[in-house]
Structure formats: C-alpha cells, structure tokens
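The structure appears below as structure tokens.
Read the numbers this way: they start at 1 and go in the same order the structure lists the ligands and their atoms.
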Amino acid sequence: MKQFEKSFTQQEAIPAQGIEGAVAILQSGRIHRYNTGPGELAETSLLEQEYAAYQEAKYCLAVTSGGQAMQIALRAAGLKPGDKILANAYTLAPVPGAIHACGGVPVFVEIGHDWLTDISDLRAKAETSGAKFFMLSHMRGHIADMDAIVAICEAFDITLIEDCAHTMGAKWQGRRSGNFGKVACFSTQTYKHMNSGEGGFLTTDDEELAARAVILSGSYMLYERHVAAPSEDVFRRIRLDTPNCSARLDNLRATILRAQLGQLDQNCARWNHRYQALENGLRHAPGVEIIERPQHEAYVGSSFQFHAHVTDIPALTASCGQRGVELKWFGGAEPVAFTSRYDSWQYFGDVDPLPQTLRTLSTTIDLRVPLTFSVEDCADIAEIIAEEAQRLAA
Ligand SMILES: *Cc1c(COP(=O)(O)O)cnc(C)c1O
C-alpha cells in the first residue's frame, strides 16, 4: 500500500534574489517603508508599482495581511457601521472578521454544488436586503459567473469588493480576477500564491478609494512616497477625514515578494499541472465526485476540492490521514484549522440558515497542493484517495 510522506504545509524556499534582498535590507536597517534616503524609492513602493502593473490596475497598496486589505478596502469604499453587506457563507475567517471590524451586517449568499455563488440567491438578496456592498470571496479559486455578478451589482447600485486570496494570477474570460469590482484584496500569507509570511495587497482604479486606503494603511502624511497611488490633489481632498489604522507593509517582506512576482505566472502553471494530475487520478474514482472547471475560468489550482459520496466522511479523512494524505472536511460540526463557515461566526448573532451551502459543504473535501509536491506526488495522492474512497463508497 502506498504511503505519502511529504508535508502538506511545506512551501518552496524564497528565491535567492529575495534572500539577498532581505539581507541587504537588514544590513541597511531601513526596514520601515518610509525610512528612505533622498530620491530613494522604498522596496515597498516598488513592489506596489510592480504589482499594479501585473494586476493591470491603476493603484496598488501593500499592507500587513489580506484581512487588513479587506478592512481597509471596506472602509475606503464607504462601508459604515450598521451597513448591510452581501458575503459568502463559507470563506476564511479573516473575511467575516473584516466585515465585523468595520461594523458591517452580513447578508450571506448561498453557493451551489459547484462552490460558486448562487446567482439567483444573489439576485434575490440584492433585491430584498437593500445591501449596497458585496464582498465576494473567490473561495478556493472558484470564480463564479462574473458577467452576471457585475450586472446584478450594477442593477442594484452595489459596490463589489473582490477577495482574491485564492485567485491571484487567475483570469475569468481573459480578464484578471480582481478587475471586475471596485477594489480587490489579495493575501501574501505563507499559504497563498506568493509568500511573505504575512502580507497583502489592495488594487483599484478608483483614485479616491486608493487615496483613502493609503491614509487608512498608516501613511502619516508621507503619501507622496507611494508610486502606485493617485496625485497629491486627491489626497488633499480626503486626508483630514481619513484615520490612520497602521497596517503598513515593510521593506523586508516587500523585497521577498518582489523576488517572487516574476515567477508567479510560471508557478500558476505548475500548480495547474499538479491540479490536473489530481483531477485525472480521481475523475472516475468510486465515491469521489469531481466538478469540471468551466472553460472560461483560467484558475490557479493551488488547492483541490471534491465531493465525497462515502458512508462515513470522518473515516475517509482518517484513513487517508494514516496514509499521509491530509484532507480537510468543510462539513464537520466544528471549524478545524482553515475550514470556516457562517455558523461558526456567532459574533454576528443569529443569521438565516443557508441550507444549500450546508448541503454542499457536507460532502466537500479540500486539500492543499503546495509546489513542493511533484506532479507524480499528486498522482500518488489521487491513488491513495481513490483507494480509500472506494472502500467506503456509499
Ligand atoms: C487567506 C485568506 C484571506 C486573507 O487572509 P490573511 O491571513 O489575513 O492574509 C482572505 N480570504 C481568504 C478566502 C483567504 O483564504
């Protein structure tokens, strides 16, 4: 019987250029983004400029986490305490956390069996809730029908905020994920598509939102040191009515990220080879249901989901676990590690049940695909899951 030995949480080393850059920053002692010499552009400002170019967005702000990017995006977009906001009913905990921190009142939207936002539920809730914001998490990289989502947001005057923690580098019908809404948020926490330990980005084409975000991130009045930011006159309009919430990225992390950005597209392709190996190995496995990805979605396969149709899902995760394959089940009664859904966010008080989301998650299995796994490793993982699922197939 095959046994898998590698760690599901081991990422690749930081590229040599990033290590050299980090050592140089440490030797200079100038780690803070505004600690620059005359005429010097900080690594953080250069990173923002490069990420804006990559994302094809006008403005980019680097911050300390994806969660902070979301809080700042929501505030900069005008969310006020008590405002309703449409949101995913299952996503990583920093998303509801950001909504809660801003005083937003979530209206959760159902997902379908394919993990995509249920468009008819979105339309119904957009119409009846009166929410003027939609925080859309492209959860686990699955990108819903963006044409339909944008049309609904336009029809009901809803500001769309995209959480692209799992879609950095992905596209939908040729357009980068993150460029459909008013503002997009990204994470560079270790388990995402670029790794600075902690970190995040916000991108937008809206000059006032960008200026507010820079001030919110804690720029003091040093905003002119940002390159991927609007002009001085925009800052002058908003600078005194926008608070400083201190969430600046530092030059050390920025230099690590700059070294990774040039490899991002290549890494996305590497993820997809691994994803396809899993897909091919599991497509016809009894007890396993694969959802084929839509043609117009250029996804990044940094994680893999399937539905388990077995008699006992905990037994499946346990037996795969014994063979070294770490599976996460989104249907458990309690949140475990990174699994999180609306009924574990009790700080919002009682919310209407979402039966379709619960039904989908009750069979949803999730696994991480770090780039330290080879394509052959992924074929081995698929073989182990297929064998164990077959033993327990319903
Ligand atoms: C990782 C993640 C974030 C942001 O997380 P941070 O840990 O705050 O960087 C946001 N949304 C989703 C779906 C995520 O997975």
Side-chain angles (χ1 to χ4, degrees), residues 8-9 11 47 51 60-75 77 85-102 104 106 108-109 111 115-117 133-144 160-170 177-178 180-181 183-203 213 216-217 245-250 253-254 256-257 260 264 271 299-305 328 330 335-342 344-345 357 360-361 364 366-370:
F8 276 70
T9 51
Q11 305 298 9
L47 170 69
Y51 194 75
C60 174
L61 173 70
V63 292
T64 46
S65 70
Q68 282 298 325
M70 288 187 288
Q71 279 190 45
I72 290 170
L74 287 172
R75 297 186 68 161
I85 175 166
L86 298 155
N88 295 51
Y90 100 111
T91 181
L92 202 72
V95 184
I99 293 172
H100 187 262
C102 298
F108 294 119
V109 180
I111 51 168
W115 304 291
L116 300 177
T117 299
F133 299 89
F134 179 20
M135 167 65 88
L136 170 60
S137 281
H138 301 295
M139 189 51 183
R140 290 295 187 263
H142 298 271
I143 308 178
L160 176 62
I161 297 124
E162 294 183 72
D163 168 12
C164 302
H166 303 163
T167 55
M168 179 184 271
S177 178
F180 292 84
V183 51
C185 304
F186 302 84
S187 171
T188 61
Q189 178 247 70
T190 290
Y191 305 108
K192 308 301 163 79
H193 299 174
M194 291 201 290
N195 172 12
S196 58
E198 302 286 356
F201 292 117
L202 165 168
T203 59
L216 281 161
S217 78
C245 300
S246 274
R248 296 167 299 274
L249 196 74
D250 57 79
R253 292 176 207 192
I256 291 173
L257 291 171
Q260 294 170 56
L264 178 55
W271 264 305
Y299 61 88
V300 181
S302 55
S303 70
F304 189 87
Q305 293 72 43
K328 293 283 185 290
F330 267 97
V336 178
F338 293 97
T339 69
S340 175
R341 44 165 220 248
Y342 74 94
S344 44
W345 311 327
T357 297
T360 296
L361 295 181
T364 297
D366 178 51
L367 67 144
R368 224 185 258 293
V369 188

(message) Within the structure provided, determine whether M135 and L74 are in side-chain contact (heavy-atom separation under 4.5 Å).
(response) yes

(message) Are L264 and H193 packed together at the side-chain level, in the sense that at least one heavy-atom pair is separated by less than 4.5 angstrom?
(response) yes

Considering heavy atoms of the protein only, find what lies nearest to [atom] and give residue, atom and distance to 0.1 Å.
| atom | answer |
| --- | --- |
| atom 11 (N) of ligand 1 | D163 OD2, 2.7 Å |
| atom 8 (O) of ligand 1 | G67 N, 2.8 Å |
| atom 7 (O) of ligand 1 | Q189 NE2, 3.1 Å |
| atom 5 (O) of ligand 1 | P94 CG, 3.6 Å |
| atom 1 (C) of ligand 1 | K192 NZ, 1.3 Å |

(request) Using the six-membered ring wherever Trp is involved, compare the ring planes of F186 and Y51 and label them parallel, tilted or perpendicular (cut-offs 30° and 60°). (result) perpendicular

Numbered atoms and elements of ligand 1 in range of [X], under 4.0 angstrom, heavy atoms:
| X | answer |
| --- | --- |
| V95 | 10 (C), 11 (N) |
| G66 | 4 (C), 6 (P), 8 (O), 9 (O) |
| T91 | 13 (C) |

(message) Does ligand 1 come near enough to Q68 that some N or O of the ligand is less than 3.5 Å from an N or O of the residue?
(response) no

(request) Using distance alone, determine whether L92 and ligand 1 share an N or O pair under 3.5 Å. (result) no

(message) Applying a heavy-atom cut-off of 4.0 Å, say which part of H166 lies close to ligand 1: side chain, backbone, both or neither.
(response) side chain

Would you tell me whether [X] and [Y] have side-chain atoms, one donor and one acceptor, within less than 3.5 Å of each other?
| X | Y | answer |
| --- | --- | --- |
| E198 | S196 | no |
| W115 | T364 | yes |
| D366 | Q305 | yes |

(request) May I ask you to check whether Y342 and Y90 place their ring centres under 6.0 Å from each other? (result) no

(message) With rounding to the nearest 0.5 angstrom, report the OG1 to CZ distance, T357 to R341.
(response) 10.0 Å

(message) Can you tell me if M70 contacts ligand 1 (heavy atom of the residue under 4.0 Å from the ligand)?
(response) yes

